[in-house]
Amino acid sequence: MNENMNLIPKIEEIVCKVFNITLEDLRGNRKFRSHTDARSVLFHILHVKYYISFYRLSRYYDKHHSIIIRSVNKCESLKGLDKGFCMCELQVENNLKS
């Protein structure tokens, strides 16, 4: 699990590049659509692909676990519609191949 937690900064960097936002915007609480979508994609990738628990993500990002859960669920509906989501997944796969 610690190995997956070490991947977070790399994945954050990829998400920031794809959504064209800063790391502060990604980690912050601003409710602009581009920021919330980027956070949702980040949480989805970390939870679904790297099996980081909702609790651990909520502690790492200092957010209530229900926000993380809602973001991951929101991403399920974005999967087929948002090109940023697809681009993030592809870039994470390509950049983090073992």
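Note: hydrogens, waters and symmetry copies are ignored here, and every other heavy atom, side chains too, is used.
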Flag the pair K63 / N29 as yes when at least one side-chain heavy-atom distance between them is below 4.5 Å, and no otherwise.
yes

How long is the gap from SG on C16 to CG on L23, to the nearest 0.5 Å?
5.0 Å

Between R59 and H65, is any pair of side-chain heavy atoms under 4.5 Å apart?
no

Quick check on side-chain contact (heavy atoms from CB on, under 4.5 Å): which of N4, V41, I45 does I11 satisfy it with?
I45

Let's go through K10 and N95 carefully: what are the C-alpha distance in whole Å and the side-chain angles of both, what is the deciding distance for side-chain contact (heavy atoms from CB on, under 4.5 Å) to 0.1 Å, and is it a yes or a no?
CA-CA 9 Å; K10 294 175 188 175; N95 290 319; over 6 Å; no

Quick one, V72 with F54, criterion side-chain contact (heavy atoms from CB on, under 4.5 Å). Give me CA distance, side-chain angles, the key distance, then yes/no.
CA-CA 9 Å; V72 170; F54 294 127; 3.8 Å; yes

Taken to the nearest 0.5 Å, the spacing of L46 CG from S53 OG works out to 11.0 Å

Whether the side chain of H44 engages the backbone of C75 through a donor-acceptor N/O pair (distance < 3.5 Å, no angle test) should be reported.
no

Is the distance between the ring centroids of Y61 and F43 less than 6.0 Å?
yes

Answer yes if I67 and I8 sit in the same cluster of Ile, Leu, Val, Met, Phe, Trp and Tyr residues linked by side chain heavy atoms under 4.5 Å apart, and no otherwise.
no

Heavy-atom check, side chain of I52 versus side chain of L7, under 4.5 Å
no

Scanning both residues in full, the closest heavy-atom pair of S34 with F19 reads O-CD2, 4.0 Å

If you round to the nearest 0.5 Å, how far is OG of S58 from CD1 of I69?
8.5 Å

Please check if the number of heavy atoms outside N94 that lie under 6.0 Å from its CG is greater than 12.
yes

Locate the shortest heavy-atom distance separating S40 from K74; write the atom from each residue and the value.
OG-CD, 3.5 Å

Criterion salt bridge (Lys or Arg N to Asp or Glu O under 4.0 Å) on K49 and E93, from CA distance to verdict
CA-CA 10 Å; K49 287 183 110 11; E93 276 183 35; 3.4 Å; yes

For the pair E12 and L42, evaluate side-chain contact (heavy atoms from CB on, under 4.5 Å) and give the outcome as yes or no after the intermediate values.
CA-CA 7 Å; E12 286 176 334; L42 174 68; 4.1 Å; yes

Side-chain H-bond candidate by donor/acceptor type, D25 with T22, under 3.5 Å:
yes

Reported OG1-to-CG distance for the pair T36 and L26, which is rounded to 0.5 angstrom:
11.0 Å

State the NE2-CZ distance between H47 and R56, to the nearest 0.5 angstrom.
13.0 Å

Residues M5 and P9: closest non-hydrogen pair is O-CD, 4.0 Å

